[in-house]
Amino acid sequence: MERIKNILPPGEYFFEGNEACAEGALAAGCRFFAGYPISPSSEIMERLARRLPDVGGVFIQMEDEIASIGAVIGAAWAGAKAMTATSGPGLTLMLENIGYAIMTETPCVIVDVQRAGPSTGQATRPYQGDLMQVRWGSSGDYQIIALSPWSVQEMYEMMVEAFNLAEDYRVPVFIMSDAAIAHLRETCTVSEELSISHRVKSHGTPHFGTEDQLGVPPMASFGEGEELLITGSTHDELGYRRTQDPTVQKRLVSRLSEKILRNARDIIQTEGYFLEDAEVALVAYGICARAALEATKRAHQAGLKVGLLRLKTLWPFPEEEIKGLKVQKIFVPEMNLGQMVREAERVAEVEVVSVNRVDGEVITPGEILEAITT
Amino acid sequence: MEHRLKKYLRTETLPTPFCPGCGHEILMHAILRAIDELKIDPREMLFVSGIGCAGWIPSPHFKADTLHVTHGRPIAFATGAKLFNPRLKVMVISGDGDLGSIGGNHLIHAARRNIDMVVICANNEIYGMTGGQVSCTTELGVFTSTTLEGNKEPPLDLCRLVEAAGASYVARYSVMHTGPLITSIKKALEHKGFSFIDVISPCPTQYGRRNEFPTAAAQLQALKTRCIPIEKAKKLPQEALEGKIIIGEFVSKGQRDEETDKDSGAGGTRGGAQCPAPGAGSGN
């Protein structure tokens with residue numbers, strides 16, 4: 001981690017979520033963006049098309065989402081902190097190459113501005129339908145990191161965290177936004193300095209393995225004379241294909257997961273509100289958590305002991321935090337038919353109830369309160 | 001005496017996995033000869049390849065940066081790497097299925113952008129690695145594992161495709177024309193802009209044995225009569241060109257602006273005159 005000067009003059013800005021996303025990326029050191037237009041994410045690429053050249057970065061609009069994430073991975077290996085932004089259908093197209101990024105341990109950031117699906121669905125309406133797509137969408141076994149902001153301010157800050165985590169763990173990091181956060185305009189305070197992670201470089205050492213069997217290897221870039229051998233096939237620590245060797249496959253697939261899971265305590269971030277004496281807990285993330293907090297406050301005014309656990313990290317899933325809730329019942333409001341609720345049920349030791357809204361509208365505090373009180 | 005091209009190879013990966021009689025090893029040799037004759041330091045090069053037998057030409061064999069990616073996508077990966085570090089000399093080596101079918105969109109758009117890279121299509125006119133299925137460049141009537149009564153779909157001329165899309169250097173040779181092929185690869189490497197070379201490289205295992213080529217040698221020999229130089233073809237009537245492969249240089253344009261050279265404008269925009277050193281893209 002290094003403290004650096006922010007590239008934006010410190011102060012208060014009035015950003016929409018997508019603008020804050022682009023600015024947060026630039027602050028984090030992102031110097032490459034490749035993307036393809038898709039609602040409700042396009043303002044991210046439009047702002048970066050204007051801003052990246054200002055800071056010596058590269059912007060390209062590719063021919064599709066498959067090419068976009070491919071170009072991001074190519075640029076990352078050329079030394080860039082690189083990102084793309086899309087929405088659910090575009091993310092679906094990216095999934096094969098996201099698997100490649102996971103397998104080759106390529107740091108990159110993928111912003112998913114979620115909209116109502118399946119398929120084209122409601123292109124401009126908010127939804128939380130991609131929780132499982134980012135976790136399980138590509139083939140095979142792996143772990144990724146996913147973060148979800150609930151405000152414009154947090155969108156800005158989370159982009160910096162996302163780029164840092166991508167470098168720290170050499171893994172694709174997802175930002176789970178949605179159409180509501182993307183187009184919400186709020187005050188965003190930009191600090192004078194911020195902390196960023198640099199790529200860990202080492203020359204002449206393996207780029208796909210460490211002495212620590214579950215560690216994160218250093219990573220060189222193209223053009224540094226390292227003779228990098230990179231493949232999406234099962235490979236040993238030097239990058240050589242070992243597709244018929246059960247030991248190599250087991251070691252690689254275990255490390256790809258364990259390098260994230262065993263650091264879950266460092267990665268996971270949550271926030272608790274009124275949980276100290278709560279009898280009922282709400283567990284929510286993103287825009288939904290704002291409604292949940294308001295519902296929590298209203299419940300308090302009505303004399304109900306309700307608390308909120310807000311998830312900032314969605315993957316790795318905050319199992320310990322949910323398991324540790326000292327309540328009698330957990331409600332999981334989400335803007336889908338019940339995705340996170342299954343994860344909560346898996347780990348919670350008390351009854352878990354799903355509260356849903358699936359019409360492309362943001363769930364309201366009243367709806368959540370009603371679910372708690374009936 | 002050590003072979004002059006051995007220094008470009010990760011010798012521990014030899015012998016190659018290519019079948020006896022496969023054209024890909026001849027192509028591999030031609031590419032390394034071109035690099036050697038131009039005295040290019042392979043450490044300045046990035047080789048990107050996709051899925052299929054051709055993807056194995058550079059990866060793992062070439063002793064340089066090699067990126068072996070998903071099926072059909074090497075040009076997209078190469079575009080990102082080249083745009084971020086324009087000092088890299090980028091060569092994509094992949095097959096007809098990878099570049100022409102599943103990756104056809106990227107081929108068109110990289111040619112349109114005139115991105116400075118060399119794309120070599122190791123065109124064996126079939127899906128070799130997966131068992132000999134018909135490809136977008138298989139000739140009419142050819143038997144494959146998925147065209148049991150002979151191919152009924154006309155083949156795609158990848159050279160004409162990329163020419164129409166805007167490629168500034170386009171050529172086709174076969175592995176039986178190694179002299180002009182090496183010269184062509186050298187020209188492509190020195191050309192600033194999008195270069196495409198279609199290299200007919202026979203697959204005796206999956207194509208030859210299903211199509212009346214008793215030996216790999218017979219299939220290689222047949223290329224001598226199947227291929228007609230473009231200069232000669234121009235003088236022949238259309239009927240005489242039935243079933244023939246036209247070889248030679250189709251496009252060789254002078255220098256013009258290419259994507260990685262621009263410093264302003266739309267798509268592929270980079271700011272500032274100086275490119276950051278690789279890895280220096282953060283925090284300034």
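Naming: A, B, ... by sequence-line order, numbering from 1 per chain.
Taking 4.5 Å as the limit, some side-chain heavy atom of A:Asp64 sits within range of a side-chain heavy atom of B:Asn105. The shortest side-chain heavy-atom distance between B:Arg113 and A:Ile60 falls under the 4.5 Å cut-off. In this structure, B:His68 and A:Ile230 have side chains that are not in contact, with every pair of non-hydrogen atoms separated by 4.5 Å or more. Contact of the A:Glu63 side chain with the B:His106 side chain is registered, since non-hydrogen atoms from C-beta on lie closer than 4.5 Å. The shortest distance between side-chain heavy atoms of B:Leu67 and A:Phe222 falls below 4.5 Å. Residues B:Thr79 and A:Met62 meet the side-chain proximity criterion, which asks for heavy atoms closer than 4.5 Å.
Of the possible donor and acceptor atoms, one in the side chain of B:Arg10 sits under 3.5 Å from a partner among the backbone N and O of A:Glu227. Between the side chain of B:Asn85 and the backbone N or O of A:Ala78 there is no donor-acceptor pair closer than 3.5 Å. Listed for the A:Arg241 side chain is a donor-acceptor partner under 3.5 Å among the backbone atoms of B:Ser59.
When each of B:Pro60, B:Gly55, B:Ala64 is scored by its heavy-atom pairs under 4.5 Å with chain A, the top score falls to B:Ala64. Contact tally against chain B (heavy-atom pairs below 4.5 Å) for A:Phe163, A:Tyr240, A:Phe33: the top residue is A:Tyr240.
Residues from residues 33-46 of chain B that place a non-hydrogen atom less than 4.5 Å from a non-hydrogen atom of chain A comprise B:Arg43, B:Leu46, given in numerical order. Proximity to chain B at a heavy-atom threshold of 4.5 Å picks out A:Glu96, A:Asn97, A:Tyr100 from residues 91-100 of chain A, in numerical order.
Annotation: B:Lys63, atom NZ; neighbour count of heavy atoms from other residues, nucleotides and ligands within 6.0 Å does not exceed 12. Within a 6.0 Å radius of CD in B:Glu12, other residues, nucleotides and ligands contribute more than 12 heavy atoms. In this structure, A:Tyr36 places its OH atom where only 12 or fewer heavy-atom neighbours from other residues, nucleotides or ligands lie under 6.0 Å away. Counting heavy-atom neighbours within 6.0 Å of A:Glu192 CD, excluding the residue itself, gives a total of 12 or less.
Partners of B:Phe18 under the ring-ring contact (aromatic ring centres under 6.0 Å, His included) rule, at least two apart in sequence or in another chain, are B:His24. Annotation: ring-ring contact (aromatic ring centres under 6.0 Å, His included) contacts of B:Phe47 (sequence neighbours excluded): B:Phe62.
Atom-to-atom distance recorded for B:Thr13:OG1 and A:Leu229:CG is 9.0 Å, nearest 0.5 angstrom. Rounding to the nearest 0.5 Å gives a distance of 8.5 Å between CZ of B:Phe84 and OG of A:Ser221.
Minimum interatomic distance between A:Ala67 and B:Ala76 (heavy atoms only, all atoms of both residues): CA-CB, 3.6 Å.
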